[in-house]
Amino acid sequence: MLLEVEGLCVNYGHIEAIRDISFGVPEGTITTLIGANGAGKTTTLKTLSGLRKVRAGTVKFEGRDITSIPPYERVEMGISQSPEGRGIFPGMTVTENLDMGAYVRRDRKSTAYEQDLERVFTLFPRLAERRQQVAGTMSGGEQQMLAIGRALMARPRLVLLDEPSMGLAPKLIQQIFDIITEINQQGTTVLLVEQNAAQSLKRAHTAHILETGQIVRSGTGAELAGDEAVKAAYLGGDV
Amino acid sequence: MDLNFSFFFSNFPELTVTGLAFGAIYALIALGYTMVYGVLQLINFAHSEVFMYGTFAALWFTMATVGGGNPGGFQTLAILIGALLSAMAMSALIALILERVAYRPLIKRNAPRLIALISAIGASFVLAELMGLRDRVTGWVGLDDDLRDYVGRARINNSMPNIVDNKVLFSIGDADVRMVDVIVIVAAIVMMVAVDQFVRRSRLGRGIRATAQDPETAALMGVNSTRVIQLTFLLGGLMAGVAAFLYMLKIEVTKFDVGFLLGVKAFTAAVLGGIGNLRGALVGGLVLGVVENWGSAILGSEWRHVVAFVLLVVILLFRPTGILGESLGKART
Amino acid sequence: MAESAPGRRVLEVDALTLQFGGLRALDDVSFHINEGEILGLIGPNGAGKTTCFNAVTGVYRPTGGDIRFNGESIVGRKRFQITQMGIARTFQNIRLFRSMTALENVMVGADANHKTGMLSALFRLPRHRVEEQQGHDRAMELLRFMGIHRHADELAANLSYGDQRRLEIARAMATDPKLICLDEPAAGFNPAEKVQLMELIRKVRDQGYTVLLIEHDMRLVMGVTDRIVVLEFGRKIAEGLPDEIRDNPAVIAAYLGVDEEDAS
Amino acid sequence: MTNKSSAGFRQRIIALPKPAKIALWVALAVLAYALPLLEPPLISTPGTDFGGVLFTVTVYCMVALGLNIVVGYAGLLDLGYVGFYAIGAYTAAILTSFHASWPLLLAIPVAVAVTMVSGVLLGAPTLRVRGDYLAIVTLGFGEIIRLTAVNIEWLGAAKGISAIQRPPSIELFEIPHLFWDGAVPLVDPDDTTTFLEFGVLDQIPYYWLGLTVVIVLLFADRLIKDSRVGRAWEATREDEDAAELMGVPTFRFKLLAFSTGAFIGGLAGALYASRQSFINPMSFLLLFSILFLAAVVVGGQGNRWGVIVGAIVVAYLPERFREFSEFRVLVFGLALMLLSSFRPEGLLPPRRTVRAKQLEHEIEALEEGQLEEEEAARG
Amino acid sequence: MIRTTRSWRIAAAAVAAGLTLAACGTTDDEGGGDDENAGGGGGDAACDVSLAFFGPQTGPAAGLGQPIIQGAQLAIDQYNADAECEVGYELIDSQGSPDQAPSLATEAAGNEAIIGVVGPAFSGESDAAGPIFAEAGLPTISPSATNPALADNGWDTFHRALGNDATQGPAAAKYIQDTLQAKQVFVIDDASEYGAGLADIVKEELGDTVVGEDTIQVGDTDFSATVTAVTSSNADTVFFGGYYAEAALIVSQLRDRGYEGTFVVADGVKDPGYLDGAKDAAEGTIITCPCIPAEDPAVAEFASAYEEEFGEAPGTYAAEAYDAANIFLDGIAEGIDNREDMLTFVNEYDEQGVTKQLKFDETGEPSDVHVYAYSVKNGEIVSDQEIE
C-alpha cells in the first residue's frame with residue numbers, strides 16, 4: 001500500500017465531516033472515491049494533503065505516519081494534488097504554473113526537469129501551444145489540463161485528482177479520463193475523487209463509495225459498476 | 001489661492017528632482033504596504049512604525065559611531081553602510097514581530113479583514129508609544145542615565161549628526177542637483193529593481209506570487225504559507241529600513257510619530273500605482289512625490305497634502321485599480 | 001416542432017458579437033426564444049455560453065449586434081433595469097446572499113418590483129406595509145413551490161447544496177420575470193437530484209415562465225428542453241429539436257463525442 | 001465560551017412577554033438618563049467631568065450608528081468619516097456664529113442637509129471604486145476637508161470658530177445628584193442639574209439631548225434595516241453583482257447608504273460643535289476616523305447594539321482610565337490588539353454572524369467546500 | 001477621590017530635591033482639614049489648595065507641554081520645600097485638543113481645591129475651556145496661548161503671562177526692518193494659530209519688502225518646495241512663524257541648499273530643541289521673545305535651578321509657566337484659599353518675574369511687555385538687544 005488511511009475522522013466545529021473511514025491506495029493503481037455532493041470526498045482529499053486537521057485516525061504514506069505534518073512537506077514526500085475547481089494561478093503563464101507544480105524540486109535547471117516538462121506537454125499538446133498564455137484567460141478544459149499537468153510536475157508518487165471532470169463537456173470528459181489512465185500506466189498512482197461514477201468506475205482498479213462521511217461500499221471498479229444499487233443511486237437510469 | 005506658474009516653470013528641474021527624491025522614499029515604504037496587501041489582502045497599518053523604528057536605528061548607530069567631529073572618507077562610508085544595515089535589521093525585526101503578534105493569530109482564526117486592520121492600528125499605537133515612552137522604559141530598568149543620549153527627549157525631534165557633505169554634483173539648467181538627492185533616488189530604484197527581480201525570478205518569489213493568487217492551492221504545491229507571509233513582511237521591513245536610512249540622510253530628524261503621515265502618504269502611493277503591484281509602488285511613489293512638489297509650488301505648500309489626495313481621487317476615477325493596476329494579487333472582482 | 005410553443009418571441013439575439021481585447025468570445029450569434037419555451041444552450045467549455053448569458057443579463061455590453069426583449073433592445077441598459085424588465089438568472093457557482101435568511105434572499109428578488117424608499121420605511125407608510133406584506137407572501141409562496149419553506153428563516157449559507165440551488169431559482173422567480181435563465185443548475189447534483197430538477201424546471205415553465213438553460217448534463221438537456229442551440233468557439237453551430245441535435249454530426253464531433261454512456 | 005451564557009441570557013429576554021419586555025427597555029432607558037446624576041462609583045470618571053464624558057460617548061454612538069450603515073450594512077469601507085462630522089460641525093458653527101447668527105435649531109437641519117449633499121457629491125464619483133480603494137479615497141477626503149479648514153481664513157483657519165450657539169434652554173426644575181460615601185448613596189442637595197438648562201458648567205443636559213438623539217436613531221435604524229432598503233444594502237454587501245442582477249440598483253443604494261451615514265455624521269458634528277461652543281481643525285484629525293472605525297469594528301459591525309458597545313469602549317475607556325496618563329494611548333493600542341485577537345467578530349457581532357459561524361463549518365462539511373462560492377462570499 | 005496624578009518622573013524629581021513622597025497624595029478627609037493651623041515657614045499660608053496645569057501632557061503636542069509642566073512644577077516644588085502646607089499640583093491632560101477641554105474644565109471647576117490654573121496651553125483649548133473657567137470664577141494664567149482675540153472674550157478669569165502675537169509681531173518686523181535692514185523678506189508660517197497669527201502681523205508690518213510667502217503644515221518634514229521658493233526669491237531674510245520642530249527642519253534644509261540669508265523666528269523657537277535639531281544650521285538665527293535675557297540674575301537662577309531639577313535647559317514657555325505658577329503661589333502664601341480672592345489677587349498683582357514685570361490689564365493681557373532679540377552664536381542662544 002502506498003497510502004493507508006485508518007479510522008480517519010475530520011470535524012468541522014462539532015460536526016463530523018468524515019466518520020471513521022479506512023482505505024488504502026495500492027501502488028500503481030487508480031483508486032476512486034465516488035459519492036454525491038456533500039459526501040465528504042473533497043474533505044478527504046484535503047485531509048490527505050494536509051489542509052484539514054485530523055480529529056482521529058492516521059494517514060500513512062509509504063508506511064510513514066504523515067497524519068500531522070504540514071502540506072508542503074507532504075508535497076516533498078511525493079503527494080501532489082489537482083484541487084477541485086482547478087485552482088490554477090490565473091495571473092501566471094502556463095509555464096509559470098507548471099514551475100509552481102515543481103516548487104518543491106530544486107533541480108529546475110536539470111534535464112530531468114526538462115523531461116518532465118516535455119512529458120506534460122506530450123500528454124497535453126494544448127498546453128504546449130499555449131506556454132506563454134496567462135492561465136486565467138484559458139478555457140475550463142485547458143485549465144483542468146494545466147492543473148493535472150502541474151500536479152505531475154512535482155514528480156509525485158501519488159497524485160490526488162479532485163473532480164477533474166467537473167463542469168467539462170462530455171467530449172472533454174473522455175479525454176481527461178483517457179489521460180488519467182495514461183498517467184497511471186506511466187507509473188503514477190492515482191487517487192481519483194469523482195461524481196462522474198460511470199467514467200471513474202470504468203477506469204479505477206478499486207473504488208469506494210462515500211455517503212455522509214462514511215465508506216458504504218468498496219470493491220473493484222467493475223464490481224461496483226455492475227451492482228444494481230450503485231447503478232440506481234450513482235449511474236442513474238434512463239429518464 | 002494664487003496660482004504661481006512663473007515660479008513653477010522657472011524652477012521646474014529643481015522641484016522635480018527634490019520631488020523625486022522624497023517620492024523615492026515613499027516608494028520604498030509603499031513596497032511594504034503593497035506586498036502585504038498582495039499576499040494577505042490586508043492594509044498593514046503598522047508598517048509606518050516599521051519605518052519609524054528604522055529611522056531610530058540609523059540615528060542611534062550614527063550617534064554611537066560618529067562621536068565628535070566629522071569623520072572623513074572611508075570611515076564615513078563605513079558608518080553609512082552600518083547605519084543602513086542597522087536600519088534594515090531593525091525594521092525587518094519589527095516587521096517580523098508585527099507579523100507574529102498582530103497578524104498570525106488573526107490569520108489562523110481566519111478573522112474578517114477589517115478586524116485585522118484594527119489590530120494593525122492597535123499595533124501601530126503600541127509601537128509608536130513605546131518609542132515615545134522609551135525614556136520611561138529605560139527608567140524602570142535603571143539604564144536611564146547610561147542611555148540618556150539615545151532615549152532622552154522621547155517625544156520630540158531627535159536629529160542625526162550630519163555626515164554626508166551635501167555638495168552639488170551637477171546642474172540642470174540653473175538648478176543644482178545635490179549629492180543626497182542622487183543617493184536617495186539611485187538607492188531607492190536599485191532596491192526596488194532588486195526586489196522586483198527577486199519576486200519575479202526566484203523560487204521564493206514565485207511562492208509569494210502563488211500565495212497571493214490562491215493560498216490554498218499554493219499550499220498544495222508545497223509552498224509553506226507561513227514562511228511566505230514571513231518573507232513578505234521581511235522584504236517589506238527591509239525596504240522600509242532602506243527608506244528609513246535614506247530619510248535620515250535627507251531629513252536628518254526623526255520622532256516617535258514620524259511614521260504616521262509618511263505611512264498614509266506611502267499607502268496612498270501604493271494605491272496610486274496599483275496596490276499589490278511592485279512596480280506600481282515605485283511609479284506611485286515617484287509620481288506622488290513629484291506632483292506634491294509641483295502642487296506646492298503652484299498653490300503653496302499648505303495645499304501639498306490636498307494635492308496628493310486629489311491626485312489619488314482623479315487617478316482612481318480614470319483607472320480604478322491605479323496607474324499600473326494590480327498584479328501580485330489576484331484581480332479582485 | 002420548435003414552433004409548437006405559443007409563437008411570440010420573448011428574446012431575440014441578433015448577430016451578437018462580443019470581443020475581449022483580441023479575443024472574440026461571441027461571433028455573430030443569433031437565436032431567439034419563444035414564449036413559454038425551454039431553450040437549451042450547450043457547447044464545449046469556452047464556447048461562449050456563459051458569455052452569451054452575461055450579455056443577455058447586461059453583465060457584458062455587446063461589441064456588435066442586438067439583443068431584444070419583448071421587441072425592445074436591452075443593449076446599454078443597466079443590469080438592474082434589465083432585471084426589472086423581466087429577465088432573471090441564477091449563477092453557475094451559487095451566489096446567494098449568504099448571511100441573509102432564505103426568506104430575505106427571495107424578498108430581495110421580490111423587491112425588484114417595489115418602490116419603498118427610505119422615508120416610507122422610516123415612517124412605515126402604507127406603501128411600505130403593503131409591499132412588505134406582498135413581498136413576504138410572494139417569497140413564502142415561492143419557497144413553498146420549491147419545497148424549501150421549512151428553511152425560510154435559516155441563513156442561506158446554512159442550507160444544503162441542493163436547497164441553495166433551489167433558493168437561487170426561487171430568488172430569480174421572485175423578480176417576476178418573463179424569462180428565467182438558469183446557468184448549469186444541475187452542477188453538483190446526483191442523478192436522482194437531476195431528475196427532480198428536471199421536473200422542477202418543467203413546473204417553472206408551466207407556471208408561465210420562459211426558460212433559457214445552460215447545462216452540460218445531456219440527459220437533462222435532452223429530457224427537458226424544447227429546442228437546443230449549440231455554440232462552439234463563439235459561433236452557433238447548430239440549432240434544433242433535441243433529437244435533431246443528438247444526431248447532428250457537427251455537434252457530435254465538437255461536443256458530444258462518441259461515448260454513448262455519457263451522452264445518452 | 002462566553003457566547004453561550006450571553007445566548008442563554010438573550011433567550012430568556014426573548015421569552016419574556018411583550019409588556020415585560022417593554023418595561024425592561026423603559027427601565028434601561030431611565031437608567032441611562034439617570035446615569036450622570038447617580039455618579040456611580042467605578043463607572044464615574046475621575047479627573048474629568050462624567051456628564052461631559054457621557055455626552056462624548058453619545059456623540060460617538062451617533063457616529064458609530066452612522067458609520068455602521070456605511071461599513072456594517074452596505075459594506076463600504078470609509079476611512080474619512082470624520083470629514084462628514086467636520087462638515088456638520090463647521091456648517092453649524094458658521095451659521096450660528098461666524099458668518100451669520102441663525103438660531104441653532106434652524107442651523108442644525110441646514111448643517112445636516114449640507115452634510116448629506118456632500119455625501120452625495122463625494123459618493124457619486126467615488127463609489128464606483130471598490131473595496132480598499134474606497135478606503136483610501138475616503139481617507140483622502142477626510143484629510144482634504146480638514147486641511148481646507150486649516151488653510152482657509154473664511155472657515156476660521158487654525159484659529160477655529162468660537163461662540164457657537166448652545167441649544168435653547170427651558171429651565172424647568174432642579175434635580176439633585178447622588179453622592180457616594182463608600183457604598184452608600186446619599187442625595188447631595190448642593191449639587192443639582194437644572195432640567196434643560198444648556199449652560200456652561202453643567203454638561204448633563206447635553207448628554208440627555210445626545211442620548212435622546214441616539215435612541216431616536218436606534219429606532220430609525222431598526223425601521224430602515226427591516227425594510228427593502230436594509231435588504232438592498234445587505235444584498236449589495238454580500239454580493240454586489242448578484243444583487244444588481246436581482247434588480248437592486250446597487251449604486252443608488254450605496255449612495256443612499258453613504259448619504260445616510262453622512263446625515264448622521266453631520267448631525268453628530270453639529271451637536272458636538274454646539275456643546276463645545278468652539279471648534280477648530282484639531283478636532284477632525286484622521287485619527288478620529290480611525291477611532292470611529294475602531295468603534296464599529298470592535299463593537300461588531302452590522303449590529304446596532306454592537307457598535308454602541310464599540311462606541312462606549314472607544315470613547316469612554318480612555319477617559320475612565322486617565323490614571324494611565326502618558327500610557328493611555330499605549331494601553332488603548334494594546335486593548336485594540338487584544339480585542340481583535342480574542343473577539344475577531346467584534347464584542348457583539350450581529351446575531352446572524354454568530355449563527356452563521358456556528359453553522360458554517362457544519363455546512364461546509366456537508367457541502368464539501370464549494371471553493372468558488374466561498375471565494376465569492378469572501379471577495 | 002484621589003486627586004493627584006503625578007508622573008513617577010516628577011515624583012522622582014521631588015525626591016531628588018529632598019522632599020518627602022508623602023506630599024504626593026492629598027488627604028481624602030472630606031472637610032476635615034488640617035487640625036494644626038498652619039504655622040511655621042509659610043506663616044499664614046493657605047492649606048489644602050492645589051494648582052493645576054491644563055494642556056498637553058500626552059499626545060502629539062506633548063513636546064510643547066513638557067517644559068510648561070516642568071516650569072510650574074519647579075515653582076511649586078520650590079514653594080513646598082519650606083512650606084508648612086504643601087500645594088498640590090494637578091496635571092490636566094488635554095492632549096492639546098479642544099475636544100476634551102470642556103469636560104476637563106468642568107471637572108476642574110468642580111474641584112474646589114483648585115484655585116489657580118496654569119494654562120490652558122494652546123489658544124484652541126483656551127477657547128473651548130475659557131467660558132467654563134469664567135463661569136466657575138477660576139483664574140487662569142496661560143504661559144503660551146498667544147491669540148490676541150482670547151482677551152476679547154470678556155472672561156475676567158483669563159490672564160496670560162506672555163505678550164500676544166500683536167505685541168511680538170510688530171517687534172519682529174521692526175527688528176527685521178531697522179536692525180537687519182532687510183530689503184527682501186520671505187515669510188513662512190506653519191498654519192497654526194500661533195504661527196499664522198504672527199506671520200500675518202509681520203507681513204502686514206513689512207508691507208512691500210515681503211517678496212514671497214509660503215505656508216507649511218505642522219508635522220511635515222520635507223520642505224523642498226518651500227526651500228526652492230525661498231532661494232529663487234532672492235530674499236535676504238526669512239521670517240518663520242511657528243514652533244521649533246519645524247523651524248529646525250526648515251533652517252537645515254535652507255542651509256543645505258546653500259541659502260545664506262538671515263533666519264528670523266519668534267519665541268516658539270526659543271527652545272534647546274531648536275539647537276539640537278538644526279545644529280550648525282541654527283547659527284546666526286535671530287529669535288525674538290518677550291522675555292528678559294538670562295543676564296538678569298533672577299533669570300539665570302531660574303535657568304540653573306531648572307537644569308538641576310530636570311537635567312535640561314528650560315524649553316519654550318518654561319519660564320512663563322514658572323512665573324504664572326509663582327503668581328498663584330504668592331497668593332497662597334498670603335493665605336488665599338479660594339478662587340474669588342485669588343482672582344482679585346491676580347488682577348492686582350504687580351511684581352517682577354523671571355520673564356517680565358508681571359501685571360495684568362483689565363483684559364488679562366500683561367501690561368508691560370518688552371520684546372528682546374536673541375541670536376544663536378556658537379551653538380547657544382544669547383541675548384542680542386531689546387527691541388524698542
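Protein chains get the first letters and strands the later ones, always in sequence-line order, with residue 1 at the start of each. Please read these numbers as outputs of a predicted model, since none were measured by experiment.
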Examine whether an atom of [X] lies under 4.5 Å from a heavy atom of chain D, and if so say whether it belongs to the side chain, the backbone or both; otherwise answer neither.
X      : result
E:S97  : both
E:D127 : both
E:A109 : side chain
E:S103 : both

Interchain contact, D:I164 with chain E, by part (heavy-atom threshold 4.5 Å)
neither

Segment of D:F288 engaging chain E (4.5 angstrom heavy-atom cut-off)
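Side chain only.
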
Tell me whether D:E174 at atom CD has more than 12 heavy atoms from other residues, nucleotides or ligands lying less than 6.0 Å away.
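Yes.
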
Are the side chain of D:Y81 and the backbone of D:G265 linked by a donor-acceptor contact shorter than 3.5 Å?
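Confirmed, D:Y81 side chain pairs with D:G265 backbone.
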
Donor-acceptor pair, distance only, cut-off 3.5 Å: does the side chain of E:H159 make one with the backbone of E:T157?
yes

Taking all heavy atoms of D:L79 and all of D:L286, pick out the closest pair and write down the distance.
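D:L79 and D:L286 have their closest heavy atoms at O-CD1, 4.0 Å.
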
Students often mix this up, so state it plainly: with edges at 30° and 60°, are the rings of D:Y272 and D:F284 parallel, tilted or perpendicular?
perpendicular

Answer key: most heavy-atom pairs under 4.5 Å with chain D among E:G96, E:A129, E:G124 is E:G124

Flag the pair E:D267 / E:Y194 as yes when at least one side-chain heavy-atom distance between them is below 4.5 Å, and no otherwise.
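When only atoms from C-beta onward are counted, E:Y194 and E:D267 do touch, with a gap below 4.5 Å.
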
